[in-house]
2 protein chains.
Amino acid sequence: MDRQHGTRATISDVARVAGVSRQTISNVLNNPERVRPETRERVLAVIDEQGYRPNAAAKQLRQRRAHALGIELDVTGNRRVSGVLTAFLVESVLAARTHRASIVPFVSADHERPEPEFDDLVRRQMVDGFIIVDTRLGDPRPAWLRERGIPFVSFGRVWDDPEHTAWADVDGAAGTATAVEHLVAGGAHQVAFLGWPSGSPTGDERRLGWQRATRAAGIEDPSLVQESVQDVSEATLAAAGLVRRLNPGDAIVCASDELAMGALRAARAAGLTPGLDCSVVGFDDGPLAEALGLTTLRQPVSEIAQHLVAVATGLGDGDDPPAHGRLALPTLIVRATSIRRATPEEEEGRS
Amino acid sequence: MDRQHGTRATISDVARVAGVSRQTISNVLNNPERVRPETRERVLAVIDEQGYRPNAAAKQLRQRRAHALGIELDVTGNRRVSGVLTAFLVESVLAARTHRASIVPFVSADHERPEPEFDDLVRRQMVDGFIIVDTRLGDPRPAWLRERGIPFVSFGRVWDDPEHTAWADVDGAAGTATAVEHLVAGGAHQVAFLGWPSGSPTGDERRLGWQRATRAAGIEDPSLVQESVQDVSEATLAAAGLVRRLNPGDAIVCASDELAMGALRAARAAGLTPGLDCSVVGFDDGPLAEALGLTTLRQPVSEIAQHLVAVATGLGDGDDPPAHGRLALPTLIVRATSIRRATPEEEEGRS
DNA sequence: TGCCATGATTTGAACGATCAAATCACTGAT
DNA sequence: ATCAGTGATTTGATCGTTCAAATCATGGCA
């Protein structure tokens, strides 16, 4: 065999045996309509026989395209990646694959100033663009990327730039509204809300959904709200103030699963059994919610990843960004922490 | 400026302005000892000025090295990646960076038969080798990789091939022994063990550590063992059998945090408060353990990742594999589920 | 028969970096 | 003054693929 290196066949090896030019091999793989069927079949047989695969580095160099998207792993503080981000990473890897691309996970030395790492990856042609996650008000990344014409898409709204349309996010308001409906259907007369401090657009949106749904159900009570930072102990304290106000059968909708943990603790401390005496619903889902048997709203990470990867690779192909962003509905996952009535639509508890 | 493409400077651009050959630019970056200090400084100044970064694809192509390691994300069943694997991935990305390499996460279409994906990545020169994780008895990957001379290292013992030395793993026996000591120091008279069904080398090892330590403490009782598959409900049932046998102040050491969850549930169901009436210690640590306030043994993922990445990149450089594998000690993380006495060495609970 | 159009294929070069050998410049020894 | 050795640098080519233009072969029409 004419392979002058290891075990990898090159395009020249295939061309020699198939009796055609190297460019014809390339055409068979990339522009098959330019090749006669007979030639095509002959070439494909040799490719299969030799186990030929195009060298990724050669393609990247010639095309000046990395066929890869960077995703930063936010490991602030305890070097822990959130359950949602982990799931999103997995789904992105899967989605990228269908686009013949790959995901480059990276960590910034200084999370508050990630730009040098973004810059480095682009200059080295390691990535064609980025999928940014955990966007927030005042986030420096979008403007920085836009100024340099670096393609990017966003899991989460780009709150400082409403014109940026290449984003997808969970519809937080629809989610909490669904939770309220579920709880009311389960007999709750009061539904409280445990959220983050105001000023977080994501948190405010989830609160809005709760508000609308309680109003629609005729049980709105704006005083049934407490705030806490994303910390279980803090959330427990905040939730205690709500639990005190509730009657048996009532409920708390939380802006996240971590906050829901606080609510569960507060309820138990007050002698209430979640799922029997009261209900608690979280937001996000993940191994934690599953292990706790927590009723929660599952982030639509698969749908979001598929959409974003498609848009990002399209940007690389010269496509236009979408006309507007995309909201995806979370799925209510009913487990043990919410009281429910015997309806066929319930389920999904770990039993 | 002579950049004929976008914003990226090439080695020729730098060479032109610095007034040296392209090879000298390369030498300054890769073999600086071959260049006079004055020339070196001049070149570095131009590199800095132009923001030049070597094109990764060009390097990969010329050197026939991807400078990347593949890590498969096991998403069997519910497409969930374990907390340990997630943490390991992050640490690997960090470790790879210090070796000027990157991590390529991938998912196999069929987890029971991942070989085609491994094959594809190698043929496309996307990776130089692999870090395999979650090794198990009968695992097909090691032999397959070895037969093809594909470099790989392993997080976990390669149970079917004792000759393979490029591995690192947690010292499970030392971990559970440490847990027993901690519990005995906290006043436990009996320490039970909740593990996986026999036949799992990892599980058997953790059990061995418990056995040795209880014997050394003079409280060994082989009947204080129950087994369960890695499922919280199953673990709860199994743990109930142990809880019944324990007196106030006694403890259960578990082979994993998931099993520990079952033990916590069983204890509570029996009217015991973990951390006050009894103790429960898990194994692995992660967001789940943290949220639960679980005392557990933290996997030394950082140490393992650093070791494995160093070995893997060394293999690529032609280095020999290490003389033997490496066991790393887990760290006992004392939180709320274990009774402890007022000793200075305790702490680390989330308070 | 000759010319033109078109599908199919080939040829030549490029992408940006590094390998490996050749060349240059300088110094010290004879 | 010449030669040999050595550090510093350059030259020529390569890596494996795709871009873009050129060429070839064939069929249809005047």
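Here is the naming used below: chain letters follow the sequence lines, and residue numbers restart at 1 for every chain. Quick note: numbers below take in every heavy atom, side chains included, and nothing from hydrogens, waters or symmetry partners.
- A salt bridge links A/Glu303 with A/Arg326: at least one charged nitrogen is closer than 4.0 Å to a carboxylate oxygen.
- Going from atom CD of A/Gln125 over to atom C1' of C/dC15 covers 9 Å, rounded to whole Å.
- We find that CZ of B/Arg34 is positioned 11 Å from P of C/dT18, with the value rounded to whole Å.
- The only member of A/Leu145, A/Val153, A/Leu308 that meets side chain to side chain contact (heavy atoms under 4.5 Å, CB included) when paired with A/Ile132 is A/Leu145.
- Among the heavy atoms of the strands, none lies under 4.0 Å from B/Arg124.
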Review item, side-chain donor-acceptor pairs of residues 314-321 of chain A, under 3.5 Å, at least two apart:
unit_1: A/Asp317; atom_1: OD1; unit_2: A/Arg65; atom_2: NH1; d: 3.1

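- Sorted by residue number, the list of members of residues 35-46 of chain B with any non-hydrogen atom under 4.0 Å from DNA chain C is empty.
- Salt bridge annotation for B/Arg141-B/Glu72: present, with a cationic side-chain nitrogen under 4.0 angstrom from a carboxylate oxygen.
- Residues A/Asp139 and A/Thr135 have side chains that never bring a donor and an acceptor to within less than 3.5 angstrom of each other.
- Across the protein-nucleic acid pair, B/Arg123 atom CZ and D/dT17 atom P stand 13 Å apart, rounded to whole Å.
- The CD atom of B/Gln60 sits 19 Å away from the P atom of C/dC15 (whole-angstrom rounding).
- The residue among B/Val20 and A/Ala57 whose nearest nucleotide of DNA chain D is located toward the 5' end is B/Val20.
- Using a 4.5 Å cut-off on side-chain heavy atoms (C-beta onward), B/Leu327 and B/Asp169 make contact.
- Between the side chain of A/Asn55 and the main chain of A/Ala58, a donor-acceptor pair closer than 3.5 Å is present.
- Rounded to whole Å, the distance from CG on B/Leu61 to P on C/dC19 is 12 Å.
- Partners of A/Arg62 by side chain to side chain donor-acceptor pair (under 3.5 Å), not counting sequence neighbours: none found.
- Classified by interplanar angle (parallel below 30°, tilted 30° to 60°, perpendicular above 60°), the ring pair A/Phe106/A/Phe118 is perpendicular.
- For the residue pair A/Asp13 and A/Thr10, a side-chain donor N or O sits within less than 3.5 Å of a side-chain acceptor on the partner.
- Under the 30°/60° scheme for interplanar angles, the aromatic rings of B/Phe88 and B/Phe155 are found to be tilted.
- For the helix from C/dT1-D/dA30 to C/dT30-D/dA1, the rotation axes defined at the first and last 5 base pairs enclose an angle of 70°, given to the nearest 10°.
- For the pair B/Arg64 and D/dG16, the criterion of a side-chain N or O lying under 4.0 Å from OP1 or OP2 is met.
- Regarding contacts with the backbone of C/dC19, a side-chain N or O of B/Gln63 is found under 4.0 angstrom from either OP1 or OP2.
- For the pair B/Tyr52 OH and C/dG16 C1', the computed distance is 7 Å after rounding to whole Å.
- As rounded to whole Å, 17 Å separates atom P of C/dG16 from atom CE of A/Met126.
- Atom CD of B/Glu163 sits in a sparse spot, with 12 or fewer heavy atoms from other residues, nucleotides or ligands closer than 6.0 Å.
- Of the candidates D/dT17, C/dA17, C/dG16, the closest approach to any side-chain atom of A/Ala58 belongs to D/dT17.
- Using a 30° and 60° split on the angle between ring planes, A/His164 and A/Phe152 fall in the parallel class, below 30°.
- If you measure from atom CZ of A/Arg62 to atom P of D/dC19, you get 6 Å, rounded to the nearest angstrom.
- By the 4.0 Å N-to-carboxylate-O rule, A/Arg97 lies close enough to B/Glu117 to be salt-bridged with it.
- The stretch residues 22-33 of chain A touches DNA chain D through A/Arg22, A/Gln23, A/Ser26, A/Asn30, each having a heavy atom within less than 4.0 Å of the strand.
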What's touching nucleotides 22-28 of chain C from the protein side, N or O pairs under 3.5 Å?
none

